[in-house]
Number of protein chains: 2
Amino acid sequence: MTEVSIPTKEQPSKEQIADVRAFTRFYTRQIGLLEERLHKSAFSLTEARVLYELAHRNGLTATDLGRDLGLDAGYLSRLLKKFESRGFVTRAPAPTDARQSVLSITDAGRKAFEPLDRASREEVAGLLGRLSAEHREAVVAAMQRVQRLLGQNREPSTPYILRPLQVGDIGWIIHRQGVLYAREYGWNESYEALAAEILAGFVKSFDPEYENAWIAEREGEVVGSVFLMRKSAEVAKLRLLYVEPSARGLGIGRRLVDECIGFARAKGYKTLTLWTNDVLVSARRIYQAAGFQLTGEERHHSFGKDLVGQTWDLAL
Amino acid sequence: MTEVSIPTKEQPSKEQIADVRAFTRFYTRQIGLLEERLHKSAFSLTEARVLYELAHRNGLTATDLGRDLGLDAGYLSRLLKKFESRGFVTRAPAPTDARQSVLSITDAGRKAFEPLDRASREEVAGLLGRLSAEHREAVVAAMQRVQRLLGQNREPSTPYILRPLQVGDIGWIIHRQGVLYAREYGWNESYEALAAEILAGFVKSFDPEYENAWIAEREGEVVGSVFLMRKSAEVAKLRLLYVEPSARGLGIGRRLVDECIGFARAKGYKTLTLWTNDVLVSARRIYQAAGFQLTGEERHHSFGKDLVGQTWDLAL
DNA sequence: CGCAAACAGTTGACTGAGTCAAGTAATTGC
DNA sequence: GCAATTACTTGACTCAGTCAACTGTTTGCG
């Protein structure tokens with residue numbers, strides 16, 4: 001939550017680089033500690049890594065292994081030969097390419113790997129066991145975050161899911177909108193307060209028959225949301241549409257608006273209305289594309305800025 | 001934000017262990033990639049680590065280095081001898097223990113290390129440079145989180161600081177309280193809505209002359225908060241006291257209440273009042289210790305539970 | 001098609017990072 | 001005051017990992 005003094009758009013800051021290096025040093029040591037016990041076993045660290053991959057993935061070739069683990073081809077070749085001679089691994093000619101063989105681990109290989117695998121699990125369990133349940137959860141979540149952000153598998157298999165509101169969501173959305181609009185448009189804390197007021201009212205008077213909320217979640221994180229509220233029997237209001245900057249470009253905003261429109265139609269509303277500000281350009285594009293018409297504009301001073309408020313309506 | 005299906009209080013779950021191991025494998029590879037270029041330099045990885053430590057810390061002995069980097073004493077001894085013969089390092093007899101020497105890096109050592117250091121920085125800059133500014137910030141924050149939680153330096157130098165309200169705080173506090181009380185006491189989303197309503201009102205009608213908020217922050221994270229609101233010229237109300245489970249036991253709750261009391265006295269209030277529920281045991285202890293008296297109790301059904309509300313007053 | 005370039009994997013020849021055990025001198029603990 | 005421990009050194013070794021040269025196969029392109 002610390003705000004960087006000089007927001008660097010393009011280049012990583014010195015502090016960020018230093019922090020990452022500090023983490024790398026730290027984790028290098030951590031890995032060293034975790035492996036200390038293991039390298040007394042029958043397998044070297046690299047052998048263990050290779051066995052692990054073979055045990056957990058199918059249809060691997062030597063090239064795959066070398067690429068994914070960063071190993072020298074020659075070294076790997078010998079290593080596999082040793083495994084084959086001990087009966088831990090078998091090679092089958094690859095159907096498509098006669099140069100390659102498909103590797104698979106044998107039962108004997110799994111059996112030989114098991115103690116090592118268990119030792120590794122115990123080692124990690126010991127590390128985590130020292131922490132409270134709270135901290136343990138937090139560590140795992142943070143690791144996943146690092147891995148996901150740094151990982152090359154940039155596109156998750158499911159780009160996002162929509163789900164109903166849960167406890168914790170409205171606070172999170174208030175927080176993120178507050179921070180985001182402060183950063184992007186310089187709005188002050190009164191916007192955050194407005195979001196809090198709207199959402200408090202939404203939950204308090206929530207009518208599941210005529211109202212709804214959609215939360216976009218991506219890999220366990222909230223990345224967008226929208227709320228549909230009943231204004232009258234004929235008019236529904238779309239409120240607080242937002243998409244995380246990191247999740248933009250996936251069509252989440254459009255999808256959220258479409259869900260609102262579909263729900264409003266199904267519930268028999270005649271009009272879907274919304275209020276926004278002209279500075280929110282990307283949101284406006286979504287509204288326009290969805291068929292909303294601008295029906296009113298007015299200048300106002302809110303959130304510490306001079307703004308132009310806009311009302312958009314969609315006939316359902 | 002994913003809720004664990006079966007909350008394990010004592011032992012790390014299989015999933016957590018698997019996740020940590022996955023991360024370790026991932027980062028092992030990552031470190032390998034970062035070092036690929038470096039090991040073409042004049043120094044081995046271990047030599048670089050030793051030089052790094054020497055360049056950034058003072059008064060190190062060989063034992064310190066061996067312990068912190070996990071190196072064999074014999075290997076380290078030879079390594080230092082080599083550095084000494086090249087004029088990168090000097091040894092001075094340790095004042096307290098004639099067996100030890102205090103190591104220090106020379107200017108020549110720094111100079112020899114510099115290209116390596118720069119290459120490492122560039123490598124990391126390259127890694128981070130592929131990310132958007134958003135993602136970059138998130139990665140660094142998550143790494144720091146892992147390091148802090150896993151690091152042995154359990155106690156930060158400043159256990160916590162108090163600061164005024166910032167944009168983003170109220171949403172964050174609503175979120176955390178919602179999640180926390182749902183988890184600990186099974187309260188439903190209406191508590192979160194109540195918190196949102198209270199805080200929206202606080203910000204909207206905030207009178208800095210007679211009202212205040214204190215946020216407890218620890219290593220850049222919000223770990224507690226309290227709000228003081230004006231009820232009348234003579235009565236102030238303390239609201240929404242909370243401390244993160246991970247930061248309990250540091251006296252943060254007590255400190256927040258004390259700040260409220262001091263502020264209320266300074267502003268000439270005659271009474272400080274608050275409303276709580278009897279299930280919030282640790283909060284009650286703080287109020288009692290601070291001299292609050294229980295002045296009323298009533299049963300109510302709120303937040304999906306049968307509760308006993310309590311009013312506590314303190315004469316100022 | 002045909003041929004050069006690239007690729008998958010193998011093998012030989014190294015090297016140097018890291019280990020292990022035994023030893024010295026100083027310090028600590030009882 | 002003496003045994004146990006600690007800080008460091010040294011000798012002897014090994015094995016993980018590198019590099020380059022080679023075989024057979026596939027790909028790309030005129």
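Order of the sequence lines sets the chain letters (A, B, ...), proteins ahead of strands, with each chain counted from 1.
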| Taking atom types as modelled and ignoring hydrogens, do the side chains of B:Ser282 and B:Arg248 form a donor-acceptor contact shorter than 3.5 angstrom? | no
| query | In terms of the nearest nucleotide of DNA chain C, which residue is placed more toward the 5' end: A:Gly74 or B:Thr96? | reply | A:Gly74
| task | Could you tell me the separation between the CG atom of B:Leu45 and the C1' atom of D:dA16, rounded to a whole number of Å? | result | 14 Å
| said: Looking at A:Glu244 and A:Arg218, is there a salt bridge between them, counting it only when a charged N and a carboxylate O are closer than 4.0 Å? | reply: no
| Nearest-Å distance, CD (A:Glu84) to P (C:dG9)? | 13 Å
| message | Using whole Å, what does the distance between atom P of nucleotide C:dA17 and atom CZ of B:Phe43 come to? | response | 12 Å
| To the nearest Å, how far apart are A:Leu60 CG and C:dG9 P? | 11 Å
| query | Is it true that A:Arg110 and A:Glu114 have a side-chain N and a carboxylate O under 4.0 angstrom from each other? | reply | no
| query | Are any of A:Lys81's side-chain N or O atoms less than 4.0 Å away from OP1 or OP2 of C:dG9? | reply | no
| task | Would you indicate which nucleotide in D:dT5, D:dA16, C:dA8 comes nearest to any side-chain atom of B:Arg99? | result | D:dT5
| said: Using a 4.0 Å heavy-atom cut-off, does A:Ala73 contact any base of the nucleic acid, only the sugar-phosphate backbone, or nothing at all? | reply: base
| A:Leu79 has an atom CG; how far is it from atom C1' of D:dT18, in whole Å? | 14 Å
| If you look at every strand shown and take non-hydrogen atoms under 4.0 Å, does B:Gly66 touch a base, only sugar-phosphate, or nothing? | nothing
| query | Rounded to the nearest Å, what distance is computed from the CG atom of residue B:Leu103 to the C1' atom of nucleotide D:dA7? | reply | 12 Å
| request: Give one of base, sugar-phosphate or nothing for A:Ala62, where a contact means two heavy atoms less than 4.0 Å apart. | output: sugar-phosphate
| said: So A:Asp97, base contact, sugar-phosphate only, or nothing? Heavy-atom distance under 4.0 Å. | reply: sugar-phosphate
| Donor-acceptor pair under 3.5 Å: do we get one between A:Arg78's side chain and the base of C:dG9? | no
| In whole angstroms, how far is the P atom of C:dC20 from the CG atom of B:Leu76? | 16 Å
| field | Touch class at under 4.0 angstrom, heavy-atom based, for B:Arg67 against every strand present | value | nothing
| Hey, does the side chain of A:Thr61 come within less than 4.0 Å of C:dA8's phosphate (OP1/OP2), counting only N and O? | no
| request: When you get a sec, tell me which of C:dA6, D:dT9, D:dG17 is the closest nucleotide to the side chain of A:Tyr75? | output: D:dG17
| task | Would you give the length of the straight line joining atom CZ of A:Arg29 to atom OG1 of A:Thr24, rounded to the nearest 0.5 angstrom? | result | 15.5 Å
| When only distance counts, do a donor and an acceptor, one from the side chain of A:Arg91 and one from the base of C:dT10, lie under 3.5 Å apart? | no
| message | Check the phosphate of C:dG18 against B:Thr46, side-chain N and O only, distance under 4.0 Å to OP1 or OP2. Yes or no? | response | yes
| query | Among the nucleotides D:dT9, D:dC19, C:dT11, which one has an atom lying closest to any side-chain atom of A:Ser77? | reply | C:dT11
| field | Rounded distance in Å - CG (B:Asp72) to P (D:dA12) | value | 17 Å
| said: Does A:Tyr27 form a ring-ring contact (aromatic ring centres under 6.0 Å, His included) with B:Phe23? I'd like the steps, not just the answer. | reply: CA-CA 11 Å; A:Tyr27 215 77; B:Phe23 177 75; 5.1 Å; yes
| request: Check whether any side-chain heavy atom of A:Leu54 sits under 4.5 Å from a side-chain heavy atom of A:Leu103, and report yes or no. | output: yes
